[in-house]
Chemist: 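The following block contains the structure, expressed as structure tokens.
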Amino acid sequence: MGTDTITPRSKDFSQWYLDVIRVAELADHSPVRGCMVIRPGGYAIWERIQQELDRRIKETGHQNAYFPLFIPESFLKKEAQHVEGFAPELAVVTHGGGKLLEEPLVVRPTSETIIYAMYSKWINSYRDLPLLINQWANVVRWELRTRLFLRTTEFLWQEGHTAHATEANAEEETLRMLEVYRDFAENEMALPVFTGRKTDSEKFAGALRTFSIEAMMQDGKALQAGTSHSLGQNFSVPFNVRYQDDAGQMQYCWMTSWGVSTRLIGALIMAHSDDNGLVLPPRLAPLGAVIVPIWASDEEKALTLEAADRIKRSLAGITTVKIDDRDQMRPGWKFSEWESRGVPARIEVGPKDVAKEQAVLVRRDNRKKEFLPMSAVRERLPLLHAEMQHDLFEKAREFRDTHIRVIDDYAEFKEYMKAGEGFALSHWCGDREVEAKVKDETKATIRNIPLDKFSNPRPEEAGACLVTGRPSPFRVLWGIAY
RNA sequence: CGGGGUGUGGCGCAGCCUGGUAGCGCACCUGCUUUGGGAGCAGGGAGUCGGAGGUUCAAAUCCUCUCACCCCGACCA
């Protein structure tokens, strides 16, 4: 063992998380502090995320484009809230070509400013609206404390930036993309999320309103998995993004921005994986199944490899399949290795199976074995994938629902958060200082204010604020966040 | 950035207190036997002990500085 041991979750959740990443070869630390190398195993997952999300982004009318990495420092300063939010975490380039630059260039922490500077050139008429653009890019934020995938100095993401004629149109877009994220998280990632609005103190610097999807990890902590911002005219005014309406009047555009990042890979790990390693929802697994032929003699090797190849060919167009024909390793080793890498299904073919024209099918998450005719694998595997996808979601949902408590007493709330058991649904009067006080005393923050229209599991009722007793229109979602 | 911890062949660790020139398990290479849940035996290769400086006849070991990672806090997707 040695190199491939994974610390059990019950012993040390953080170490377990790092062990899974190392054993599954998802990422490694780079020589630069806080930066990560995404290894092929991790990048393949990111590519699957990109494929599925990109499809949804395009289906909702957006086009991809690419804006530059470098942003003039003065651009950031044009929006007061925005620069205030990002100033401490900027990487700034002061030299180019061996010379001091006249104006320093910021390495983008996000691209609102450079994109809207361009939008002001491109938008003239209401006929140019809405303008719906997305970009896949890297961004840099000089974080104090980093964790692989969850928070790294440089990370990959997509950022959508749209311009609209009216506030209502922009708001509609903001919620449309939030729904895209919810749908993606729940149906592709098998990750149940709370969909709601951020409080003012948690919103994006420069946004009017921020919405998020929030997921629960296996340690009961919250992970913000995606955000969507209604930016109002906060950027269109300083960047002069204007259009002439049908009455001939100049109007400022209403903007939105929304994004998800490589953090989603961290969410996948912490939501589904187990003490044997990575568990991936089949819909996002780069490799759908691995075939392990089992042999003792050369004749058996030829027989089982031939059978494995036949099965693989029968699965063409169904899912991605790999035959593990490595000679040096014994089957047991291969089983463990592919399990730790999160391949959803394993197909074993030994001499006994070949004799009976059968195969053994094993599901990654529950390790259940099925014996079936070789010719039936083609029919069965997609069903097994679908069942596993469904079960992973249900398991995560059940875990989340049993780790949420409705709490009306602050003393109980404090104890509950101290125990680190999960989320609380509690009333809040809306006062920013109350929020700060609770954070200070319990480390818990308001993850979001769940929105009715997304059918979140939230008791719809008015009540009294957990801390002040003042009236509260509905419960908000509290948790300790990553 | 503050508090705590850890850095020794690819990985996990012992050795450090009480200085004497590096060891164990797994992995790797060769051979034979093995192969349906991480194989066995035999032989072999691989480490300037995170880095720099200092003390000393002699430093993995003592001292100073520095870097990286982990945990806790402040900041954040």
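Throughout, a chain's letter reflects where its sequence line sits, starting with A, and its residues are numbered from 1. Below, each value reflects all heavy atoms present in this structure, side chains not excepted, and no hydrogens, waters or symmetry copies.
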Chemist: Go through B:rA77, B:rG36, B:rC70 for me and flag the one nearest to the A:Thr152 side chain.
Modeler: B:rA77
Chemist: Rounded to whole Å, please give me the gap between CE in A:Met217 and C1' in B:rA77.
Modeler: 13 Å
Chemist: So which nucleotide does B:rG2 pair with, by the Watson-Crick or G-U wobble rule with both distances under 3.5 Å?
Modeler: B:rC72
Chemist: State whether the distance check finds a donor on one side and an acceptor on the other, under 3.5 Å, for side chain A:Arg346 versus base B:rG37.
Modeler: yes
Chemist: Which base, if any, makes a Watson-Crick or G-U wobble pair with B:rU64, both distances under 3.5 Å?
Modeler: B:rA52
Chemist: How far apart are the closest heavy atoms of A:Thr256 and A:Ala170, and which atoms are they?
Modeler: CG2-O, 3.2 Å
Chemist: So that I know where these two stand, are A:Trp157 and A:Trp258 an aromatic pair - ring centroids less than 6.0 Å apart?
Modeler: no
Chemist: Separation of A:Arg330 atom CZ from B:rG40 atom P, in whole Å?
Modeler: 8 Å
Chemist: What is the separation between atom CG on A:Asp298 and atom C1' on B:rU33, rounded to the nearest whole Å?
Modeler: 14 Å
Chemist: For A:Asp12, answer base if it contacts any base atom (sugar-phosphate contacts may also be present), sugar-phosphate if it contacts only those atoms, and nothing otherwise; contact means non-hydrogen atoms under 4.0 Å.
Modeler: nothing
Chemist: From the list B:rG38, B:rA77, B:rC75, which nucleotide is the closest neighbour of the side chain of A:Lys439?
Modeler: B:rC75
Chemist: Would you mind telling me which residue lines up with the more 5' stretch of RNA chain B, A:Ile294 or A:Gln224, judged by nearest nucleotide?
Modeler: A:Ile294
Chemist: From the options B:rC11, B:rC70, B:rG36, select the nucleotide whose nearest atom is closest to the side chain of A:Arg22.
Modeler: B:rC11
Chemist: For B:rA77, give its Watson-Crick or G-U wobble partner with both distances under 3.5 Å, or none.
Modeler: none
Chemist: Looking at A:His229 versus A:Phe211, is the centre-to-centre ring distance below 6.0 Å?
Modeler: no
Chemist: When we call it a touch if two heavy atoms are under 4.0 Å apart, what does A:Val260 touch: a base, just sugar-phosphate, or nothing?
Modeler: nothing
Chemist: For a quick test of reading the model: is some side-chain N or O of A:Arg147 closer than 4.0 Å to OP1 or OP2 of B:rC76?
Modeler: no
Chemist: For the side chain of A:Glu339 and the base of B:rG37, is some donor closer than 3.5 Å to an acceptor across the two?
Modeler: yes
Chemist: I want to verify a distance call: between B:rG37, B:rA39, B:rC76, whose nearest atom is closest to the A:Ser336 side chain?
Modeler: B:rG37
Chemist: Of the listed nucleotides (B:rG36, B:rC70, B:rA77), which one gets closest to any side-chain atom of A:Glu143?
Modeler: B:rA77
Chemist: Is it true that atom CD of A:Glu433 has more than 12 heavy atoms of other residues, nucleotides or ligands lying nearer than 6.0 Å?
Modeler: no
Chemist: May I ask which nucleotide in the shown strands pairs with B:rC41, Watson-Crick or G-U wobble, both distances under 3.5 Å?
Modeler: B:rG31
Chemist: Atom CD of A:Glu337 and atom C1' of B:rA27: how far apart are they, to the nearest Å?
Modeler: 12 Å
Chemist: Which part of the nucleic acid, if any, lies within reach of A:Thr445 when heavy atoms closer than 4.0 Å are counted: base, sugar-phosphate only, or nothing?
Modeler: nothing
Chemist: Sub-3.5 Å donor-acceptor pair from the side chain of A:Arg378 to the main-chain atoms of A:Ser314, do we have one?
Modeler: yes
Chemist: Taking atom P in both B:rA60 and B:rG4, what distance in whole Å separates the two?
Modeler: 27 Å
Chemist: Given the P atoms of B:rG19 and B:rC62, what is the spacing between them in whole Å?
Modeler: 9 Å
Chemist: Quantified in whole Å, what is the C1' atom distance between nucleotide B:rC65 and nucleotide B:rA74?
Modeler: 27 Å
Chemist: Nearest whole angstrom, please: distance from the C1' of B:rC76 to the NZ of A:Lys443.
Modeler: 17 Å
Chemist: Measure CD/A:Glu441 against C1'/B:rG73 and give the value in whole Å, please.
Modeler: 16 Å
Chemist: When the P atoms of B:rC17 and B:rG36 are compared, how many Å lie between them, rounded to an integer?
Modeler: 48 Å
Chemist: B:rA27 and B:rC70: how far apart are their P atoms, nearest whole angstrom?
Modeler: 28 Å
Chemist: What is the distance from atom CD of A:Gln218 to atom CZ of A:Phe13, rounded to the nearest 0.5 Å?
Modeler: 5.5 Å
Chemist: Can you tell me the base-pairing partner of B:rC11? Count Watson-Crick or G-U wobble geometry only, both distances below 3.5 Å, and say none if there is no partner.
Modeler: B:rG25
Chemist: Looking at every strand, decide which applies to A:Lys334 at a 4.0 Å heavy-atom threshold: base, sugar-phosphate, or nothing.
Modeler: nothing
Chemist: Nearest 0.5 Å, please: how far is OG1 in A:Thr94 from CD in A:Glu73?
Modeler: 10.0 Å
Chemist: What is the distance from atom CZ of A:Phe149 to atom CG of A:Leu156, rounded to the nearest 0.5 Å?
Modeler: 9.5 Å
Chemist: Quickly work out the A:Glu25 CD to B:rG10 C1' distance and round it to whole Å.
Modeler: 12 Å
Chemist: Would you check if the distance from the ring center of A:Phe413 to the ring center of A:Tyr416 is below 6.0 Å?
Modeler: no
Chemist: What's A:Lys301 touching, base or sugar-phosphate or nothing? Going by heavy atoms closer than 4.0 Å.
Modeler: nothing
Chemist: For a quick check of understanding: with a heavy-atom distance under 4.0 Å over all strands, which category does A:Gly266 fall into, base, sugar-phosphate or nothing?
Modeler: nothing
Chemist: In whole angstrom, what separates A:Asp327's CG from B:rU34's C1'?
Modeler: 12 Å
Chemist: Counting side-chain heavy atoms from C-beta on, which of B:rG38, B:rC76, B:rC70 comes nearest to A:Glu89?
Modeler: B:rC76
Chemist: Just to be sure I understand the rule, does A:Leu18 reach a base, reach only the sugar-phosphate, or reach nothing, if contact means heavy atoms closer than 4.0 Å?
Modeler: sugar-phosphate
Chemist: For A:Phe204 together with A:His82, are the ring centres under 6.0 Å from each other?
Modeler: yes
Chemist: Map A:Thr153 and A:Arg367 onto RNA chain B by nearest heavy atom, then report which one ends up closer to the 5' terminus.
Modeler: A:Arg367
Chemist: When we call it a touch if two heavy atoms are under 4.0 Å apart, what does A:Phe204 touch: a base, just sugar-phosphate, or nothing?
Modeler: nothing
Chemist: Taking the six-membered ring for Trp, is the centroid-to-centroid distance between A:His403 and A:Phe423 below 6.0 Å?
Modeler: no
Chemist: Can you tell me, in whole Å, how much space there is between the P of B:rG40 and that of B:rG3?
Modeler: 47 Å
Chemist: At 4.0 Å (heavy atoms only), tell me whether A:Ser261 reaches a base, stays on the sugar-phosphate, or touches nothing.
Modeler: base
Chemist: Any side-chain N or O of A:Arg151 less than 4.0 Å from the OP1 or OP2 oxygen of B:rC76?
Modeler: no
Chemist: Between protein and nucleic acid, restricted to nucleotides 1-4 of chain B and to nitrogen or oxygen atoms under 3.5 Å apart, what atom pairs and distances do you find?
Modeler:
none

Chemist: B:rA46 pairs with which nucleotide, Watson-Crick or G-U wobble, both distances below 3.5 Å?
Modeler: none
Chemist: Quantified in whole Å, what is the C1' atom distance between nucleotide B:rG51 and nucleotide B:rC69?
Modeler: 15 Å
Chemist: Which value, in whole Å, describes the distance between the C1' atoms of nucleotides B:rG5 and B:rC28?
Modeler: 32 Å
